[in-house]
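Numbered from 1 within each chain, the chains take letters A, B, ... in sequence-line order.
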Amino acid sequence: MDMLQTIEKQIKEEIMEAVIRTQLAEKNDIPNIILEKPKNKEHGDYATNIAMQLTKIAKQAPRKTAEAIVNEINREKAGITNIEIAGPGFINISIDHSFLTKLVPTIIENGDTYGRSDKGQNHKIQVEFVSANPTGDLHLGHARGAAYGDALCNVLDYAGFQVEREYYINDAGNQIDNLARSVEARYMQALGKDWEIPEDGYHGKDVQKIGQQLAIEDGDKWVQVDEKERLKHFRKHGLKLELDKIKSDLAAFGVTFDNWFSETSLYEEDKITEALNQLQKTDLIYEEDGATWFESTAYHDDKDRVLVKSDGSYTYLTPDIAYHKNKLDRGFKTLINIWGADHHGYIPRMKAAIQALGYEKDTLEVEVIQMVNLFENGEKVKMSKRTGKAVTLRQLMEEVGKDAMRYFFSMRSGDSHLDFDMDLARSQSTENPVFYVQYAHARICTMLKQAEEKGWFEDGAVDYSLLKSEKEEELLRKLGEFPQVIREAAEKRIPHKVTQYVFDVSTLLHSYYNAEKVLDDEKPEQTKARLAFMKAVRITIANALRLIGVHAPEQM
RNA sequence: GUCCCAGUAGCUCAGUUGGAUAGAGCAACAGCCUUCUAAGCUGUGGGCCGGGGGUUCGAAUCCUCCCUGGGACGCCA
């Protein structure tokens, strides 16, 4: 299905064999053949730097080596139409372009699976992301993490990995007690009582609403109840409402999880002592100052970490270790955690734990997502989580729409700080990339619809060789790259590659649209070929957009 | 003080196994609608790739030292 890959593989193999035939280097000394796509069209379809890489081994000038290699290459076998040496020793290769037009029926046949591959070989990967504490609304950092995580999962799945999405619910620690006390305060306030929100409490409007709602539904019923009993109820109630809200917000954002994992379940099923017991066997555990420590410095952490505090309770790390052990026990070969940049300091100790549990360091990958800054009217929107003044995922979704958010958050590399321009995201104009891409899709749909009405699709025979203009070749080549883009995005965990790609396809489409007429009554054969071509473009754009969670509209 | 991320065009950013003349969008300027959606297209200008040193045939990319911005450094979660 991936024609370009097949062709490239053929060329690489032939170059490798040619190098061997030159006897300039031992087979084992020859580096991997790298084929790159030259930016300059005059340099052909592919270029390889192998002659330069062999300079030392062959002990001669790279151009001379290149000549020797070129002389040995069997052009026909590799489908090469032209080959020449350029610059310091590049070998530039051109191939027969007729394969490009074959892409069209292939793409149409594959439809919404075009771009899929089995590269991942069903390797089991678990991706844990968002995992926001159920103590308030999801904010922009979570939104970016959600968009990135979901796109990454889609891309991994498309590249043939077996992916599971999971959300870790921190429903056991202090913060839930604080939630209960905050709900309590808001409830009391709603009843007109003078009651302060605790120091570490949650000041958000969502918590306020929960308290008010309780006051409306239950009246002053809970005022009389014993504090412990009251907090227990508020805790349970608050948790449920917060979690429901998170779930529905994420669903509206187009993100759903396969599994919601409760931290509390680790306690209930004794998983924490189990994990501690396993660690005990490693002699990396010791007692000091009344606490139990994990010697994480044995695996390059800055300092050792406490697992059991002197008061007998666990630190955050301890259930988290149990959680990760549980993930591994479930058979995942790779764990990917997507964390906000503020948690990066936590990575070394978690990786240390993974190793102490007997796994390779790289079993756990942590993708760190940098902060989001919101801009409106050219000014940075100030946010403070403590006072509850942060802009939430839901608010932004109402302001700019899901598609714009998903697109913008998938547009940049995760390790780069992101400036989110609300005015740009809102604008329905040329400078807004999400509209640009969606417009490209809608444009094609309009043409296809008109063609449908005119009966262009009634006769099945299509002569694809009529697609031979420069713009057509360029766009076809781009379409052919899609499977490779997916694989690269998956392997390197860079879903923004897909967003960049779909933008490029859209640019080429718009350019083509303005240069050539697709529907032409005078040229029925050409029209049929071009319509098929447009179908292929539409499929590719739609598939790419689906992966990043952006709707592909049929009209705008 | 230590660690992580970033520093590329006026602005926001690509450039992810080191390659030929460093790219895109926006902004600026000049053009294109009796023709499938002008939410579009075409063209022009714009750069000491933060700075110094190093590695090599070749560095925005790798190493090292500085500078600037952001974040993290708890028996918090």
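Regarding contacts with the backbone of B/C76, every side-chain N or O of A/Thr315 stays at 4.0 angstrom or more from both OP1 and OP2. Within the structure, every side-chain polar atom (N or O) of A/Lys303 is placed at least 4.0 Å from both OP1 and OP2 of B/U2. A/His496 has a side-chain polar atom (N or O) that falls below the 4.0 Å cut-off from OP1 or OP2 of B/G15. At B/A20, none of the side-chain N or O atoms of A/Asn40 fall inside 4.0 Å of OP1 or OP2 (strictly under the cut-off). The side chain of A/Lys492 contributes an N or O atom lying less than 4.0 Å from OP1 or OP2 of B/U17. Between A/Tyr46 and B/G19 there is no side-chain polar atom (N or O) within less than 4.0 angstrom of OP1 or OP2. OP1 or OP2 of B/C76 sits under 4.0 Å from a side-chain N or O of A/Lys309. Note on A/Arg349: every side-chain N or O is 4.0 Å or more away from OP1 and OP2 of B/C73. Phosphate contact (OP1/OP2 of B/A20, side-chain N/O of A/Lys39, threshold under 4.0 Å): present.
B/C41 has its base anti relative to the sugar, with a glycosidic angle deviating from 0 by more than 90°.
When both distances must be under 3.5 Å, the Watson-Crick or G-U wobble mate of B/G45 does not exist. Nucleotide B/G69 has B/C5 as its partner under the Watson-Crick or G-U criteria, with both atom distances under 3.5 Å.
Residue A/Ala291 is classed as a base contact, given a heavy-atom separation below 4.0 Å to a base. In this structure, A/Ala47 reaches the bases: a heavy-atom distance under 4.0 Å links it to at least one base atom across the strands shown. If you check every strand for non-hydrogen atoms under 4.0 Å, A/Ala515 touches nothing. A/Asp289 comes within 4.0 angstrom of a nucleotide base, judged by non-hydrogen atoms across all strands. Counting any heavy atom pair closer than 4.0 Å across all strands shown, A/Ala442 reaches a base atom. Residue-level contact check: A/Asn170 touches neither bases nor backbone, having no heavy atom under 4.0 Å from any strand.
Ion pairing between A/Glu470 and A/Lys41 holds under the 4.0 Å rule for side-chain N and carboxylate O. Using a cutoff of 4.0 Å between basic side-chain nitrogens and carboxylate oxygens, A/Asp45 and A/Arg477 are scored as salt-bridged. Under the 4.0 Å criterion applied to side-chain N and carboxylate O atoms, A/Asp423 and A/Arg426 are assigned as salt-bridge partners.
Comparing B/C26 with B/C73, their P atoms are spaced 40 Å from each other, to the whole Å.
Among the nucleotides B/G69, B/U35, B/A14, the one closest to any side-chain atom of A/Lys517 is B/U35. Closest to the A/Tyr436 side chain, of the nucleotides B/A39, B/C41, B/G25, is B/C41. Proximity note for A/Ser413 (side chain, C-beta onward) versus B/G69, B/A14, B/C4: the nearest is B/A14. For A/His344, taking side-chain heavy atoms from C-beta onward, the closest of the listed nucleotides B/A24, B/A77, B/C4 is B/C4. Out of B/C36, B/A14, B/A20, the shortest distance to the side chain of A/Tyr513 is found at B/C36. Distances were taken from every side-chain heavy atom of A/Asp415 (C-beta onward) to each of B/G71, B/C5, B/A77; the shortest belongs to B/C5.
With the nearest nucleotide of RNA chain B identified for both A/Met411 and A/Phe435, A/Met411 has the one nearer the 5' end. In terms of position along RNA chain B, the nucleotide closest to A/Glu36 lies nearer the 5' end than the nucleotide closest to the other residue of the pair A/Glu36 and A/Glu554.
Judged by the 6.0 Å distance and 45° axis criteria, A/Lys528 is not positioned over the aromatic ring of A/Phe457. By the 6.0 Å and 45° rule, A/Arg181 does not stack over the aromatic ring of A/Phe234.
Ring-base stacking between A/Phe90 and B/A20 is satisfied, the centre separation being under 5.5 Å and the plane angle under 30°.
The side-chain heavy atoms of A/Leu519 and A/Leu531, taken from C-beta on, include a pair separated by under 4.5 Å.
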